[in-house]
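A, B, ... follow the sequence lines: proteins, then strands. Residue 1 opens every chain.
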Number of protein chains: 2
Amino acid sequence: MRSSRSFPTLEDVAKAAGVSTATVSRCLNTPDRVIKPTREKVMKAVDALGYTPNFGARVMAAKRTFTIGAIIPTMENAIFARGLQAFQEELHRHGYTLLVSSTAYRPELEEEQIRALVARGADGLLLIGYDRDPALNAYLHQRAIPTLIAWAFKPEIPKPAIGFDNRAAMARLTREVLAQGHRRIGVISGIAKGNDRAAERLAGFAEALGATGLDLRDMPVIETPYGFENGENAMIRLMQTDARPTAVMCGNDVLAAGALRGARALGLAVPQDVSVTGFDDIELARIVTPPLTTVHVPHREMGTKAAIALIALVEGGDSLPPTDLGVSIKRRESLGPATPRDEQAG
Amino acid sequence: MRSSRSFPTLEDVAKAAGVSTATVSRCLNTPDRVIKPTREKVMKAVDALGYTPNFGARVMAAKRTFTIGAIIPTMENAIFARGLQAFQEELHRHGYTLLVSSTAYRPELEEEQIRALVARGADGLLLIGYDRDPALNAYLHQRAIPTLIAWAFKPEIPKPAIGFDNRAAMARLTREVLAQGHRRIGVISGIAKGNDRAAERLAGFAEALGATGLDLRDMPVIETPYGFENGENAMIRLMQTDARPTAVMCGNDVLAAGALRGARALGLAVPQDVSVTGFDDIELARIVTPPLTTVHVPHREMGTKAAIALIALVEGGDSLPPTDLGVSIKRRESLGPATPRDEQAG
DNA sequence: AGATACGATGCAAGCGCTTACATCGCTTTA
DNA sequence: TAAAGCGATGTAAGCGCTTGCATCGTATCT
């Protein structure tokens, strides 16, 4: 029976300390507005009763929760975890609490989660990427919830965002691959629908290809949900075709780690027989054998800066311009030159 | 200015729909107690205004939040992530929302987080492990917050828990290592203080050792915070002593992955020159080279069952007995027989 | 047709807290 | 010494929602 639970209230404390509820409230929130002996009396009563303020009541009266909500596609791998950890640490430093919710890469769940967080009084929201139902955007706009978009950055969209240009990053990486002489390049992409980061990465690939006179449509592309096993299976499928790619670029490091294993299962050496690249530069990228050439994303920096930006947004209301953190290409052993025997044209 | 934000309230909806607030409330909570045309009228108004109930007010009036809080040591690696994901999915299936908070392995933060979650009206709490300040336990008990302990299981402690016996598991794994002829075994443990899982694993190691007539005190043990780099450094330290261990058992897979890399840095082959074991069997264990022999923990099962158990606790109030999920040993290439030349005694 | 019952809806009392404003008593100032 | 000022504390009005109880209108029964 929940109803039998009855916690001490502000009033109980006030009674026990022989003061008014206002004084107790002040002791808790603005201690310097209360004279010391009073404060001590009150604090003693608080301890004695094991009092904890009722959050709901507080929110209702004060309109501020010092809570920030974050909704991420998944907690299952380190892609968001690391940045989020930094995000939380910075938030904590400023007296905010982070509440996290994950959608398991099911965009349709995001709305529900956003509403839950907003209803719980989140002062601000951290969201991943731009792709979102217009109705949801309208809702967010209407409620004027300070919202920051992270892990993505599109210069042309004027929303507060902090991240990097997925398309440009992938284009750069693709150029490196091309520079190694690869002309037949496979792609193992995440599901692009509902995930603008995945879509942009693919677009960046196409872009770089185009600049070299190649065409995306000639390349074998597999879309698959993120996941180690999926990367492995996709790799196997890719390498079992007649016109094998000499390099396979993956949508993220997890997929790439799977691809590496797929290659091994096929008895292919990386990078001698086939090159593999990842994206994100999570710890995993350095752990696998061979280590992955990948796009280095400054996860922790992104988390920290996102916290600062979001707090500014919440407290100041000023809408900062989108910030591009920039990325760098991390060259490691998984990418090598294309081997002649694989050139099939002509 | 936050004050300029003004959300539609129940009353606004009521006015717009031409009914009382009670009716609107009923439409939202007990739709079948409202006749259909009324309901439609109300719902239209709800949509038009973009109304979302104020959670604080609702909690205050209704005393139930359908929110479960979870506090985990870290989000940075997959150890808890996977189980937590399953936990959330199951919760969601039952109409509950999960709020996650992490302590970054700083036990002193746990109290703060617990209070934050409780204050926010969490109906129940998922906590990792038993180690906890008595005052905190008292607080939890006083407020009668349904609490479930996960990732650990000690038959002798009568609190609701779902997990596995870390000590027994580590003892089993140690026996396997001993069976391979290893007599000098190094350990890279997580920090045991404030982390009963780490402490229990160490205890299990000592226990198995004792049964073979060996003594923990003769073995090189390094305690270090969890983390890939830390595992690597610890491994290097361990292998640079005169009396090198022929096997190194690590407190978790992340540490073990680091150890593998440390071995490689030293030019040591695993398992020929030194065997390495992990714990948890996260994805990483199969990704590294060589794959890790480790303790397989049923993460997703644990998450799902934890959700079911916690909901039962919250709704029924009945305190289930602790549940031991059991673990299994996953033999993979990182563990091999002890090589004679390393035997240094006599 | 009048009495009865019942389902749909409205009314209004809180839930526990914050805070603007009022009050009180003391110190400062002329 | 009386007026003015100021800091510490108390008073009480909500904040937005749920829900027990009152009310009302219609269907049902005799």
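Atoms CG (A:D32) and P (D:dG7) sit 12 Å apart, rounded to a whole Å. If you take CZ of B:R39 and P of C:dG7, they are 16 Å apart, rounded to a whole angstrom. Straight-line distance from the CG atom of B:N54 to the P atom of D:dC15: 12 Å, rounded to whole Å. Look at CG on A:D12: it is 9 Å from P on C:dG16, rounded to the nearest Å. Rounded to a whole Å, the CG atom of A:L10 is 14 Å from the P atom of C:dC15. Put simply, CD on B:E11 is 13 Å from P on C:dA12, counting in whole angstrom units. Rounding to whole angstrom units, CZ of residue B:R33 and P of D:dT19 are separated by 11 Å. One can place OH of A:Y51 at 11 Å from C1' of C:dT18, the figure rounded to the nearest angstrom.
Between B:T23 and C:dG10, a side-chain N or O to OP1/OP2 separation shorter than 4.0 Å is present. Listed pair A:S25 / C:dC17 fails the phosphate criterion, with no side-chain N or O lying under 4.0 Å from OP1 or OP2. Taking only side-chain nitrogens and oxygens, A:N29 comes nearer than 4.0 Å to OP1 or OP2 of C:dT18. When the side-chain nitrogen and oxygen atoms of B:T9 are compared with OP1 and OP2 of D:dG16, none of them lie within a distance under 4.0 Å.
Counting non-hydrogen atoms under 4.0 angstrom, B:I35 reaches the backbone sugars and phosphates but no base. When heavy atoms are screened at a 4.0 angstrom cut-off, B:V19 is found touching the sugar-phosphate backbone but no base atom.
B:T74 has its side chain within reach of B:F80: a pair of non-hydrogen atoms, C-beta onward, lies under 4.5 Å apart. Two residues are said to be in side-chain contact when any heavy atoms from C-beta on lie closer than 4.5 Å; A:I311 and A:E90 fail this criterion.
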Output, in order, the C-alpha distance, side-chain angles, deciding distance and verdict of side-chain hydrogen bond (donor to acceptor under 3.5 Å, both in side chains) for B:H299 and B:Q85. CA-CA 9 Å; B:H299 296 282; B:Q85 182 81 36; over 6 Å; no
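Between A:G69 and A:L98, the closest heavy-atom pair is C-CD1, 4.4 Å.
Comparing D:dT18, C:dC11, C:dC17 by their closest approach to the side chain of B:A22 singles out C:dC11. Distance from the side chain of B:V34 is smallest to C:dT9 among C:dG16, C:dT9, D:dA12.
Taking the nucleotide of DNA chain C with the nearest heavy atom to each of B:R26 and A:A61, the more 5' of the two is matched to B:R26. If you find the closest nucleotide of DNA chain C to B:T38 and to B:A57, the one lying nearer the 5' end belongs to B:T38. Position along DNA chain D of the nearest nucleotide to B:M60 versus A:G18 favours A:G18 as the more 5'-ward residue.
One side chain, A:T52 or B:Y139, offers a donor N or O that lies under 3.5 Å from an acceptor on the other.
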